[in-house]
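Here's the structure, in structure tokens; my notes come after.
Just so we're on the same page: letters track the sequence lines, and every chain starts at 1. Quick caveat: nothing in here was measured; it's all calculated off a predicted structure.
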Amino acid sequence: MANRGKDFLRRVVEEDLKSGKYSKIVTRFPPEPNGFPHIGHAKSISINFGIAKEYGGECNLRMDDTNPTTENIEFVEALKDAVEWLGFKWSGDVRYTSDYFPQLYNYAIKLIQMGKAYVDSISEEEIREYRGTVTTAGRRSIYAERSVEENLDLFNRMRNGEFKEGEHVLRAKIDMSSPNMKMRDPLLYRIKRATHFRAGDKWAIYPMYDFAHPLSDYIEGVTHSICTLEFENNRDIYNWLIETLELEPPRPYQYEFARLNINYTVMSKRKILELIEKNVVSGWDDPRLPTIAGLRRRGYTPEAILSFCEQIGVAKANSIVDIAQLEFAIRDDLNPKVPRVMSVFKPLKVTIENYSGFEEINASYYPHDVPKEGSRKLPFSKEIYIEQEDFMENPPKGYYRLTPNQPVRLKYAYIISCEKVIKDESGNIVEIRARYYPNSKSGSDSSGIKVKSAIQWVEANSAKKIEVRLYDRLFKTEIPEGIEDINPNSLKIIENALIEPAVIEDKTNNRFQFERHGYFYRESGERAVFNRIVPLKDSWSKKLQRGRRERVKERRQVEGRVIPMTPEEKILFERYTKEHNLNREVANTLARDNRLSQFYREALQEFNSPIAIANIITNEVARELKVKNLDELKFSPKDIADLVKMLEDETISTKIAKGVFEEMSRSGKEPIRIVEERGLQQINDKSLILSVVKEVIHRNPENLKKFKDGNRRLQGFFIGEVLKATNGKANPKIVNELVIRELNR
RNA sequence: UGGGGUAUCGCCAAGCGGUAAGGCCACGGUUUUUGGUACCGUUAUUCGGGGGUUCGAAUCCCUCUACCCCAUCCA
């Protein structure tokens with residue numbers, strides 16, 4: 001964990017703290033209270049609260065309650081609950097966007113006064129139509145030309161409830177032909193005559209997400225506004241608002257990460273709701289659902305969920321996490337924590353014919369490798385039950401359990417062997433008559449009998465009946481489409497499972513490992529019902545199935561068609577390849593980009609070295625030109641020419657040139673001055689370099705050995721070390737040559 | 001189709017021009033009174049494809065491909 005690379009969010013936060021952009025960071029978890037939180041929310045909670053905690057900042061919990069028709073207090077409670085259950089504490093009280101409605105309204109007024117917002121009065125359909133499409137520009141409605149006074153008046157009357165829903169909206173005046181659809185005069189306020197669960201009927205207008213969110217962040221002093229990827233397009237509005245309103249710094253910035261997906265389940269509110277409505281599951285807290293309430297009822301711990309969130313990391317790539325990762329997290333958490341007890345799901349009676357009487361066996365709750373104290377008494381008599389699966393008359397190879405000629409240990413008790421198999425008239429095994437070895441008792445075994453395994457059991461008269469609910473993945477397909485993909489066996493109920501009495505009598509625990517079955521969680525309530533949180537890993541049944549499926553990989557790549565060059569570009573291309581001797585790729589890049597070719601032309605006039613200049617322009621300069629205009633560059637074609645000159649006369653290496661270029665484009669200093677001031681002239685003295693090479697090789701005997709053993713790529717390591725030792729100034733070509741020579745001596 | 005994103009092992013994911021981290025899964029083995037756990041080992045000559053620049057490229061440049069998001073008065 002020590003050297004684990006930080007995720008991009010933490011990197012940003014660290015940089016902002018270091019640069020003094022903020023003295024303290026503030027994040028926020030801003031759900032809309034319109035549904036129950038699920039494990040995806042847990043990821044967001046873990047990120048926002050986690051980062052705040054890690055960097056000594058704070059995290060707010062804000063209900064983003066701007067749509068009165070979908071939200072209610074029940075969801076607010078569920079959300080608060082989830083955050084608390086996961087163990088986080090929000091800063092101050094819970095916040096509500098609705099509490100900011102007055103301030104938000106004032107910002108809207110300000111925008112109108114600035115001429116940056118207007119009341120639009122065309123219909124919903126017209127708005128859609130006017131917006132244009134992704135490929136065609138939109139156009140403004142005539143109402144965009146209303147005066148500030150008229151807008152102010154109308155907006156005020158909208159608030160006062162003078163209009164019906166849909167009659168007017170407030171829009172930002174941005175750009176109806178923006179390539180970003182979100183920027184085509186986004187709606188800021190709409191009329192809604194609904195009772196808000198907090199604000200009541202006070203407001204007839206409600207702010208839209210794009211307006212309320214950035215401003216609420218700003219109002220709360222949020223520094224890092226972290227949301228999911230689908231809001232990437234909204235970032236432009238976010239910034240536009242804060243900049244247009246000229247809000248005093250410090251201001252928040254938005255960052256986006258990929259939302260969580262897990263295979264064999266569904267995460268969206270819509271899909272979960274469908275499962276509930278169609279009675280596929282029992283409700284929001286059905287233990288098969290990935291909701292916090294469901295996970296919690298299933299028996300998942302907050303620790304496990306948090307550690308899962310840490311394991312999967314934070315990035316921007318859409319991905320689907322394997323449910324096995326979640327299962328690992330809960331097993332890993334529970335393994336060192338919970339007591340082991342014995343249970344039998346499908347009982348097979350075993351009568352130990354040579355045992356008489358009764359005894360209580362003291363048994364530890366924890367295995368040898370869990371350093372915890374605690375034990376219970378296990379009743380034992382001649383009548384016990386074992387698992388049907390733990391006896392086989394005709395076992396397959398590798399079967400370790402009880403068979404007619406293979407004894408087995410009853411865990412914590414004696415070794416038994418099978419004497420007789422009793423069957424009913426249809427041939428089913430109904431009972432085993434067995435014999436035990438009195439001197440084989442656990443802890444004082446002097447029998448010398450070797451058994452292949454120990455199995456769990458319960459004593460017939462003292463065992464308690466419990467209901468066991470075995471949950472499995474909800475869907476049978478990795479990426480479920482809908483109800484048709486439901487796993488019909490996602491819930492198996494065993495009504496009369498047997499359990500040792502201590503589990504019922506001792507009420508201190510509600511999570512157990514049922515040995516060889518899995519981890520279980522007792523549902524609250526009078527009846528003894530246990531939910532299987534997760535089964536144990538089972539390499540035996542895996543071995544039995546042995547259905548090894550080969551996955552076909554092969555990803556075929558189609559080569560696309562390149563846009564042909566224009567005639568002018570073709571002429572340039574011809575000249576570059578024929579007269580300047582540039583390679584086709586470089587010539588192509590240059591010819592197709594007139595900014596690059598212009599720059600190239602000018603540099604060439606300063607120093608006539610076409611290939612070298614073209615190379616640096618198509619690579620380094622092109623990079624700068626990706627984010628800047630020609631006139632924003634801090635260096636000139638002459639600077640590039642000078643840089644190339646130094647390269648050609650071997651004053652500097654390509655490696656140094658890169659660094660010089662970077663400084664040049666940052667500070668605008670002439671390359672020659674940079675090299676002189678920093679003493680970057682390269683070292684060409686072979687004997688000097690050789691001594692460094694020898695030194696480096698001498699210092700790294702283990703890597704030398706690896707190299708000699710065949711790891712050829714370690715060459716790069718040695719070159720890197722030599723370069724490091726000379727501050728990057730040694731001529732890398734010479735280093736390369738010498739390293740190879742010395743390494744192969 | 002315009003714009004915004006993303007591609008590194010079966011699944012996540014580090015990596016920011018100098019030895020392809022780590023976790024999960026899988027597969028071997030050791031220990032084990034759980035076919036559990038723990039421990040040890042194996043699993044990417046290669047980073048979506050193709051070119052280019054460089055002594056050296058997953059990292060820089062060009063180009064192609066695939067997938068995700070945006071045209072709710074939802075968030």
Is a donor-acceptor pair below 3.5 Å formed from side chain [X] to base [N], judging by atom type as modelled?
| X | N | answer |
| --- | --- | --- |
| A:Asn619 | B:rG52 | yes |
| A:Asn180 | B:rG2 | no |
| A:Gln513 | B:rU34 | yes |
| A:Arg713 | B:rU19 | no |
| A:Asn233 | B:rC69 | yes |
| A:Gln715 | B:rG18 | no |
| A:Lys182 | B:rG3 | no |
| A:Glu559 | B:rG50 | no |
| A:Glu232 | B:rG5 | no |
| A:Arg401 | B:rG35 | yes |

ask   = In terms of the nearest nucleotide of RNA chain B, which residue is placed more toward the 5' end: A:Lys192 or A:Ser444?
value = A:Ser444
task = Could you say whether A:Phe8 or A:Arg592 is positioned toward the 5' end of RNA chain B, judged by the nucleotide with the nearest heavy atom to each?
result = A:Phe8
key: Electrostatic pair A:Lys316:A:Glu256 at N-O distance under 4.0 angstrom   = yes
Looking across every strand, which nucleic acid part, if any, lies under 4.0 Å from [X] by heavy atom: base, sugar-phosphate, or nothing?
| X | result |
| --- | --- |
| A:Thr133 | base |
| A:Arg259 | nothing |
| A:Lys537 | sugar-phosphate |
| A:Gly443 | base |
| A:Phe231 | base |
| A:Ile320 | sugar-phosphate |
| A:Ile127 | base |
| A:Ile122 | base |

query = Say you pick atom C1' in B:rC67 and the same atom in B:rA26; how far apart are they, in whole Å?
reply = 27 Å
Inter-nucleotide C1' distance (B:rC12, B:rA21), Å rounded = 14 Å
message = Between A:Ser653 and B:rC55, is there a contact of a side-chain N or O with OP1 or OP2 at under 4.0 Å?
response = no
Between [X] and [Y], do the side chains contain an N or O donor and an N or O acceptor separated by less than 3.5 Å?
| X | Y | answer |
| --- | --- | --- |
| A:Asp120 | A:His168 | no |
| A:Glu126 | A:Ser123 | yes |
| A:Arg516 | A:Gln456 | yes |

message = Taking the ring centre of each residue, are A:Phe231 and A:Tyr209 less than 6.0 Å apart?
response = yes
message = Below 30° counts as parallel, above 60° as perpendicular, anything between as tilted: where do the rings of A:Tyr189 and A:Phe155 land?
response = perpendicular
